[in-house]
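Notes to accompany the following structure.
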Amino acid sequence: MNQHPAFLKAFTEFDEKKTYRLITLNRSGEWIAWLLVLTLGVLDAVLLSLVGTISLVALIVTILFVFAAFASSFSNWLERNTKITVSEGDLVYQTPLRRLQLMWGEIDSLRLTRRGAGWYVMVVGDQGVFTFQTPTSIKGSFGREAKTGLESGEQLAALIAGQANLLEPELEGDVWVCRRKRSEQSQ
């Protein structure tokens, strides 16, 4: 069953200016990817010096690992530099590739979908849309657990709903939607 996002009423405090950031994962995966690229590069160099040529398979595997390492580094860079800043008059979502500023009155709706132990939140405004995940845990191999999502994401969702004067959430399919009053939308 789709659980009601009760946290939307749990937070009523408003910090005049606060910045929310993503919980960044351990970068060990990125370092392992680059270590594998280095190892494959050394093995390719040894193969080239011993045999005088590198097999196509070895070259393709090395190139694929280089792309994977770059993708991992790029993803980590984006996560470390993504932030949402709230102030008395507006909300700013910023990544290295995109910046979206929404005045509180420009936010039309908040859409919340249950995702694991957390919530996937979509903020819909006149100027655009952005999304974030509330904090959740991912369980990996050997009992390891990693936290992911936006720090204080539930507090931010509640703040957005309150500051934008959105109505109580209504269930539409499997999505909880907080909308602006109809009369305010037409103005």
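Throughout, residue positions are numbered sequentially from 1 according to the sequence presented. As the structure is a prediction and not an experimental result, all values here were calculated from the model.
- Within the 3.5 Å criterion, the main-chain N or O of Gln155 finds no donor-acceptor partner in the side chain of Ser152.
- In this structure, Arg179 contributes its side chain and Asp108 its backbone to no donor-acceptor pair below 3.5 Å.
- Residues Thr19 and Thr85 have side chains that bring a donor and an acceptor to within less than 3.5 angstrom of each other.
- Minimum heavy-atom separation, Gln101 to Glu106: O-OE1, 4.0 Å.
- Between the NZ atom of Lys83 and the CG atom of Leu22 there is a distance of 12.5 Å, given to the nearest 0.5 Å.
- With contacts defined as side-chain heavy-atom distances shorter than 4.5 Å, the pair Tyr120/Arg111 does not qualify.
- Under the 4.5 Å side-chain heavy-atom criterion for grouping Ile, Leu, Val, Met, Phe, Trp and Tyr, Leu36 is connected to Val66 within one hydrophobic cluster.
- In this structure, OG1 on Thr39 lies 11.0 Å from CG on Asp44, to the nearest 0.5 angstrom.
- With hydrogens and angles ignored, the 3.5 Å screen pairs no side-chain donor or acceptor of Ser72 with any backbone N or O of Ala68.
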I'd like to know whether Thr113 forms a side-chain contact (heavy atoms from CB on, under 4.5 Å) with Trp119, so could you lay out the CA-CA distance, the side-chain angles of the two residues, the decisive distance to 0.1 Å, and finally the verdict.
CA-CA 6 Å; Thr113 307; Trp119 291 85; 5.7 Å; no
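- At least one donor-acceptor pair closer than 3.5 Å links the side chain of Thr62 to the backbone N or O of Ala58.
- In terms of heavy atoms, Pro96 sits closest to Trp77 at CB-CH2, 3.1 Å.
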Evaluate the side-chain contact (heavy atoms from CB on, under 4.5 Å) criterion for residues Val124 and Ser109: first the C-alpha distance (whole Å), next the side-chain angles of each, then the deciding distance (0.1 Å), finally the verdict.
CA-CA 5 Å; Val124 181; Ser109 67; 3.5 Å; yes
Would Leu40 and Leu38 satisfy side-chain contact (heavy atoms from CB on, under 4.5 Å), going step by step from the backbone distance to the final call?
CA-CA 6 Å; Leu40 287 172; Leu38 179 64; over 6 Å; no
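- Taking hydrophobic clusters as Ile, Leu, Val, Met, Phe, Trp and Tyr residues chained together by side-chain heavy-atom distances below 4.5 Å, Val46 shares a cluster with Ile63.
- Aromatic rings from Trp34 and Phe70 are positioned such that their centres are separated by under 6.0 Å.
- In this model, no donor atom of one side chain and acceptor atom of the other lie less than 3.5 Å apart for Asn76 and Ser73.
- Taking hydrophobic clusters as Ile, Leu, Val, Met, Phe, Trp and Tyr residues chained together by side-chain heavy-atom distances below 4.5 Å, Met122 does not share a cluster with Leu159.
- For the residue pair Glu151 and Ile23, the shortest heavy atom distance occurs at CG-CG1, 3.6 Å.
- Atom CD of Glu172 sits in a crowded spot, with more than 12 heavy atoms from other residues, nucleotides or ligands closer than 6.0 Å.
- Panel note: side chain Thr134, backbone Glu154; no donor-acceptor pair is recorded below 3.5 Å.
- For the residue pair Pro135 and Gly153, the shortest heavy atom distance occurs at CD-N, 3.7 Å.
- When all heavy atoms are compared, the tightest approach of Leu47 to Ser55 is CD2-N, 4.1 Å.
- Distance CG/Leu167 to CZ/Arg180: 9.0 Å, rounded to 0.5 Å.
- The shortest side-chain heavy-atom distance between Gln133 and Leu150 does not fall under the 4.5 Å cut-off.
- Annotation: the span from Leu171 atom CG to Leu112 atom CG amounts to 11.0 Å, rounded to 0.5 Å.
- A side chain to side chain contact (heavy atoms under 4.5 Å, CB included) with Ile107 is found for one member of Asp90, Val123, Asp126 and no other, namely Val123.
- Atoms NZ and CG, on Lys18 and Leu156 in that order, are 9.0 Å from each other to the nearest 0.5 Å.
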Assess whether side-chain contact (heavy atoms from CB on, under 4.5 Å) is satisfied between Thr95 and Asn81, documenting all intermediate values.
CA-CA 6 Å; Thr95 73; Asn81 293 292; over 6 Å; no
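- Following chains of ILVMFWY side-chain contacts shorter than 4.5 Å, one can reach Phe130 starting from Trp176, so the two form part of one hydrophobic cluster.
- Side-chain atoms of Trp104 never come within 3.5 Å of backbone atoms of Asn165 as a donor-acceptor pair (strictly under, hydrogens ignored).
- The shortest side-chain heavy-atom distance between Arg80 and Arg27 falls under the 4.5 Å cut-off.
- Distance alone, capped at 3.5 Å, places no donor-acceptor pair between the Gln163 side chain and the Ile160 backbone.
- In this structure, Ala161 and Leu110 approach most closely via the heavy-atom pair CB-CD2, 4.0 Å.
- Using a 4.5 Å cut-off between side-chain heavy atoms of Ile, Leu, Val, Met, Phe, Trp and Tyr, with links allowed through other members, Leu35 and Val37 fall into different hydrophobic clusters.
- Between the Arg99 side chain and the Val92 main chain, no donor and acceptor come within less than 3.5 Å of each other.
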